[in-house]
Visitor: 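Please find one structure pasted underneath; my questions will follow.
A, B, ... follow the sequence lines: proteins, then strands. Residue 1 opens every chain.
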Number of protein chains: 2
Amino acid sequence: MRNQTVKKKVSIHDIARQLNVSSTTVSFVLNGKAEEKRISDEMKKRILDHVAEVGYQPNQVAKSLRTGKSKIIGMLVEDISDPFFSGISRQVEESLYKLGYKIFFSSTENNTEKTKELLNVLRERQVDGYIIAPPPGIESEIATLIDEGLPVVLFDRYFPNLNTINVVVDNFGGASLAIEHLHANGYRKICLVTLDSEQSQMKDRLAGYCASVKKHGLPSIVEKIAFRQTQDDTVKQIKDFLLEHKELDAVLFATNYLTIPGLEAIIDLELTIPGDISVVGFDDNDHFSLFSPSITAIAQPIEKLSERTVKKLISCLNREKGALKTETEVLPTALIIRSSSVPITPTDQHKTP
Amino acid sequence: MRNQTVKKKVSIHDIARQLNVSSTTVSFVLNGKAEEKRISDEMKKRILDHVAEVGYQPNQVAKSLRTGKSKIIGMLVEDISDPFFSGISRQVEESLYKLGYKIFFSSTENNTEKTKELLNVLRERQVDGYIIAPPPGIESEIATLIDEGLPVVLFDRYFPNLNTINVVVDNFGGASLAIEHLHANGYRKICLVTLDSEQSQMKDRLAGYCASVKKHGLPSIVEKIAFRQTQDDTVKQIKDFLLEHKELDAVLFATNYLTIPGLEAIIDLELTIPGDISVVGFDDNDHFSLFSPSITAIAQPIEKLSERTVKKLISCLNREKGALKTETEVLPTALIIRSSSVPITPTDQHKTP
DNA sequence: AATATTTGCTAAATCCATTTAGCTATCTAT
DNA sequence: ATAGATAGCTAAATGGATTTAGCAAATATT
């Protein structure tokens with residue numbers, strides 16, 4: 001009659017005691033080892049019935065401690081509130097949930113120190129595997145995880161000199177696609193507004209841009225935005241840049257959180273799209289078709305990316321101690337053509353904004 | 001020379017053995033109970049130095065098992081890829097991370113059964129507290145958590161007949177704000193497009209709409225959209241609705257994932273905003289200012305909501321067994337006026353789309 | 001000097017499940 | 001009748017921490 005408020009959870013020992021059997025037997029039955037361990041069908045039934053009746057549920061923490069497995073995956077994204085990452089997170093969570101895994105999400109904010117801490121926390125919690133969009137400077141920590149034989153899959157970006165399993169999109173090809181499209185539509189002074197970043201996805205997009213403009217004998221005009229700055233500063237910087245480069249007739253924004261401030265900058269300057277300047281964004285967005293004009297974009301295959309990432313991780317988790325084949329899977333991007341990049345009209349040709 | 005691949009983790013016992021002390025002493029020192037337990041400063045230093053040197057880190061799983069605390073919060077949102085929820089998740093994660101808590105996120109998809117399972121998983125994992133945007137039909141499970149004295153904070157929606165701690169926005173007031181604004185700008189046939197849902201936030205928005213139109217003697221025209229249907233079906237339903245109600249001059253969409261299909265429907269019908277129909281969305285979005293026309297919206301205070309939710313949970317977690325005061329905190333919304341709802345012009349008056 | 005108190009530390013129990021090693025009783029084969 | 005096999009179950013160790021109860025030595029008190 002004492003502890004009414006806090007219901008004591010029943011343990012496997014309570015179950016065993018109530019049935020007058022040993023907890024070993026109960027454990028065997030509950031873990032599907034009845035035959036293997038030669039537990040009689042009668043006993044099995046008795047235990048299962050009673051467990052169902054009292055609604056006993058094993059303490060997962062104790063289980064994790066003993067087995068070293070947690071059925072938890074640690075997932076580190078750059079920013080859970082970014083549509084690209086939250087989209088992937090959602091899909092990954094759904095797939096893994098169906099396989100009985102739970103997920104720890106955290107935002108790294110692309111911050112090396114925070115990520116180190118997060119990895120530490122995940123390790124202490126004995127997560128079974130890792131899905132990571134790594135920030136810069138985290139190579140050695142990732143290498144350590146790999147060395148210890150832990151299942152790790154990197155996505156979105158990776159470290160070319162690290163033997164990891166990676167799932168990324170064809171950033172080089174995506175950027176090329178954008179330039180080819182703009183070029184075909186008559187644009188000749190195409191700039192790239194990108195982040196000042198050494199991460200693989202950004203380097204590849206830059207490389208794709210450079211290769212394409214070079215191929216067509218166009219000038220290479222690149223503006224790099226510092227990573228950690230306010231949205232307002234970014235808008236300001238892009239405005240300044242556009243004012244200094246009045247010759248531009250098109251701009252490719254290298255990532256979704258440059259496209260938005262970029263559009264703001266263009267609107268602030270009262271330039272018309274695509275009359276004064278044509279726009280393509282790397283990374284599509286649900287809303288781009290509702291913008292006016294609608295925004296042409298390089299779409300990343302979010303579903304496919306999630307699916308492949310999960311598949312890789314799962315095969316990693318299930319592998320029988322065998323060495324895991326490290327490989328980088330590259331998924332194709334798609335050009336979604338909308339009105340922000342319609343073919344240049346004769347009268348628009350070489351018009352200065 | 002054997003186990004090169006799998007580094008054995010050091011335990012507190014290893015530390016104790018290496019220093020020739022008992023693990024009890026090490027534990028006391030590491031948990032800041034040195035004075036309390038009268039451990040000499042000399043011993044304390046010896047232990048701390050050694051721990052730092054070998055980089056020992058306590059196994060959190062073992063710790064959780066013993067203490068019953070996990071330093072993990074379970075957070076259930078409707079959909080982690082929805083900007084409203086991912087925004088809140090991001091903020092909550094950041095705040096709680098600073099306080100040493102990690103978070104389990106999951107998307108309920110507003111699905112009662114999935115949520116029950118999720119709550120079970122969270123309980124088994126011994127999370128220290130819960131932050132939940134509850135789906136319908138989950139009252140008794142929530143009540144159970146409360147009965148067991150577990151820290152629970154509901155947000156965005158709640159159950160009026162349940163004694164929980166809730167943090168929500170003024171949905172009634174927000175909807176009223178929208179109608180007042182539309183009315184003041186000359187609109188007279190204002191409909192509400194909402195979800196067919198009994199959840200508190202939706203009921204309150206509907207009530208706010210009804211009260212406001214009634215106050216001004218306007219007709220009450222409400223279209224309810226089934227919750228679980230495809231975006232395409234939603235667009236179709238809204239189109240049909242608009243075609244059947246050509247008298248409408250303004251529409252309030254009750255939630256962000258109705259505003260987007262709603263705008264699509266309007267574009268498909270080749271209606272102009274706000275010429276043919278004026279639009280206000282409940283729940284603002286970063287992109288609304290870039291739409292053309294830009295979209296007027298009722299903004300929810302995401303930061304404040306996150307902050308208050310975390311604060312409530314923390315005080316719950318830290319409370320000294322005392323009864324927690326159950327209360328519903330209601331935060332104000334703000335009307336962000338943009339061009340989708342500019343004052344009606346004389347020539348527009350009572351124009352039929 | 002004898003007793004009481006304080007200091008400084010530790011053995012062992014505990015949290016709850018899994019798993020190894022092994023025991024007893026029954027059955028089979030010779 | 002007896003050794004060997006098998007069926008059916010369990011005691012105890014284990015994972016890695018925290019925490020209770022308490023011991024021995026040093027110091028203080030009378």
Visitor: I'd like to know whether A:Val61 forms a side chain to side chain contact (heavy atoms under 4.5 Å, CB included) with B:Val61, so could you lay out the CA-CA distance, the side-chain angles of the two residues, the decisive distance to 0.1 Å, and finally the verdict.
Guide: CA-CA 6 Å; A:Val61 176; B:Val61 176; 4.0 Å; yes
Visitor: Write down the distance between CG (B:Leu19) and C1' (C:dG8), rounded to a whole number of angstrom.
Guide: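 These atoms are roughly 16 Å apart.
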Visitor: Take the protein atom CG of B:Asn31 and the nucleotide atom P of D:dA17, then report the distance between them rounded to whole Å.
Guide: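 So the two atoms are 11 Å apart, to the nearest Å.
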Visitor: Kindly determine whether A:Thr112 and A:Ile138 satisfy side chain to side chain contact (heavy atoms under 4.5 Å, CB included), including the steps that lead there.
Guide: CA-CA 6 Å; A:Thr112 310; A:Ile138 206 78; 4.2 Å; yes
Visitor: Please determine which of A:Asn31, A:Val29, A:Thr25 meets the side chain to side chain contact (heavy atoms under 4.5 Å, CB included) test together with A:Ser27.
Guide: A:Asn31
Visitor: Output the rounded distance in Å from CZ (A:Arg17) to C1' (D:dT10).
Guide: 15 Å
Visitor: Any side-chain N or O of A:Thr25 under 4.0 Å from OP1/OP2 of D:dC9?
Guide: no
Visitor: For C:dT18, does either OP1 or OP2 sit under 4.0 Å from a side-chain N or O belonging to A:Lys33?
Guide: no
Visitor: State, to 0.1 Å, how close A:Gly149 and A:Arg319 come at their nearest heavy-atom pair, and which atoms those are.
Guide: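 Taking A:Gly149 first and A:Arg319 second, the nearest heavy atoms are O-NH2, 3.3 Å.
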Visitor: Do A:Gln60 and A:Lys71 touch side chain to side chain, with heavy atoms closer than 4.5 Å?
Guide: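 Heavy-atom side-chain distance check fails, nothing below 4.5 Å.
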Visitor: Starting from C1' on D:dT14, measure out to NE2 on A:His13 and report it in whole angstrom.
Guide: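 Answer to the nearest Å: 12 Å.
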Visitor: With a 4.0 Å heavy-atom cut-off, tell me which residues in residues 42-58 of chain B come close to DNA chain C, sorted by residue number.
Guide: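 Those residues whose heavy atoms fall under 4.0 Å from DNA chain C, taken from residues 42-58 of chain B in numerical order, are B:Met43.
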Visitor: Looking at every strand, decide which applies to A:Ser27 at a 4.0 Å heavy-atom threshold: base, sugar-phosphate, or nothing.
Guide: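 The answer is base, as A:Ser27 lies within the cut-off (heavy atoms under 4.0 Å) of a base atom.
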Visitor: Which pair of non-hydrogen atoms, one from A:Ser64 and one from A:Ser70, has the smallest distance, and what is that distance?
Guide: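 The pair with the smallest heavy-atom distance is OG-CA, 3.4 Å.
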Visitor: Looking at residues 59-72 of chain B, who's got a heavy atom less than 4.0 Å off DNA chain C?
Guide: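 Residues of residues 59-72 of chain B that come under 4.0 Å of DNA chain C are, in numerical order, B:Leu65, B:Arg66.
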Visitor: Please identify each residue that fulfils salt bridge (Lys or Arg N to Asp or Glu O under 4.0 Å) with A:Lys63, with sequence neighbours left out.
Guide: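 So A:Lys63 forms no salt bridge (Lys or Arg N to Asp or Glu O under 4.0 Å) with any residue.
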Visitor: Which residue pairs pass the ring pair (Phe, Tyr, Trp, His ring centres under 6.0 Å) test with at least one member in residues 104-123 of chain B, sequence neighbours excluded?
Guide: A:Phe104-B:Phe104
Visitor: Applying salt bridge (Lys or Arg N to Asp or Glu O under 4.0 Å), name anything that partners B:Lys102, two or more places apart in sequence or on another chain.
Guide: none
Visitor: So B:Ser11, base contact, sugar-phosphate only, or nothing? Heavy-atom distance under 4.0 Å.
Guide: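 Result for B:Ser11 = sugar-phosphate.
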Visitor: On a heavy-atom basis, which atom in B:Leu150 and which in B:Arg123 lie closest, and how many Å separate them?
Guide: CD1-CD, 4.2 Å
Visitor: Quick one: list whatever passes side-chain hydrogen bond (donor to acceptor under 3.5 Å, both in side chains) with A:Ser95, sequence neighbours left out.
Guide: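 side-chain hydrogen bond (donor to acceptor under 3.5 Å, both in side chains) check on A:Ser95 returns nothing, list empty.
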Visitor: What donor-acceptor contacts under 3.5 angstrom involve side-chain atoms of residues 154-161 of chain A, with partners at least two apart or in another chain?
Guide:
unit_1: A:Arg157; atom_1: NH1; unit_2: A:Asn110; atom_2: OD1; d: 3.3
unit_1: A:Arg157; atom_1: NH1; unit_2: A:Pro134; atom_2: O; d: 3.0
unit_1: A:Arg157; atom_1: NH1; unit_2: A:Gln199; atom_2: OE1; d: 2.8
unit_1: A:Arg157; atom_1: NH2; unit_2: A:Glu78; atom_2: OE1; d: 2.5

Visitor: Below 3.5 Å is the cut-off: list the nitrogen or oxygen pairs between protein and nucleotides 20-28 of chain D, distance only.
Guide:
none

Visitor: Given that A:Asp41 and A:Ser23 both sit by DNA chain D, which one's nearest nucleotide is further toward the 5' end?
Guide: A:Asp41
Visitor: What's the CZ-P distance between A:Arg123 and D:dG16, to the nearest Å?
Guide: 15 Å
Visitor: Is A:Asp128 reaching over with its side chain to a backbone N or O of A:Ile73, donor-acceptor style, under 3.5 angstrom?
Guide: no
Visitor: Which side-chain N or O atoms in residues 32-43 of chain B pair as donor and acceptor under 3.5 Å with protein atoms at least two apart or in another chain?
Guide:
unit_1: B:Ser40; atom_1: OG; unit_2: B:Met43; atom_2: N; d: 3.2

Visitor: How long is the line joining CD of B:Glu36 and C1' of D:dT18, in whole Å?
Guide: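 Whole-Å distance recorded here is 12 Å.
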Visitor: Over the length of the helix from C:dA1-D:dT30 to C:dT30-D:dA1, how much do the five-pair end axes diverge, rounded to 10 degrees?
Guide: 60°
Visitor: How would you list, by chain and number, every residue that makes a salt bridge (Lys or Arg N to Asp or Glu O under 4.0 Å) with A:Glu113, sequence neighbours excluded?
Guide: A:Lys116
Visitor: Could I get a table of every N or O pair under 3.5 Å where one atom is in the protein and the other is in nucleotides 24-29 of chain C?
Guide:
none

Visitor: Can you find a heavy atom in the side chain of A:Val92 that is under 4.5 Å from one in the side chain of A:Leu313?
Guide: no
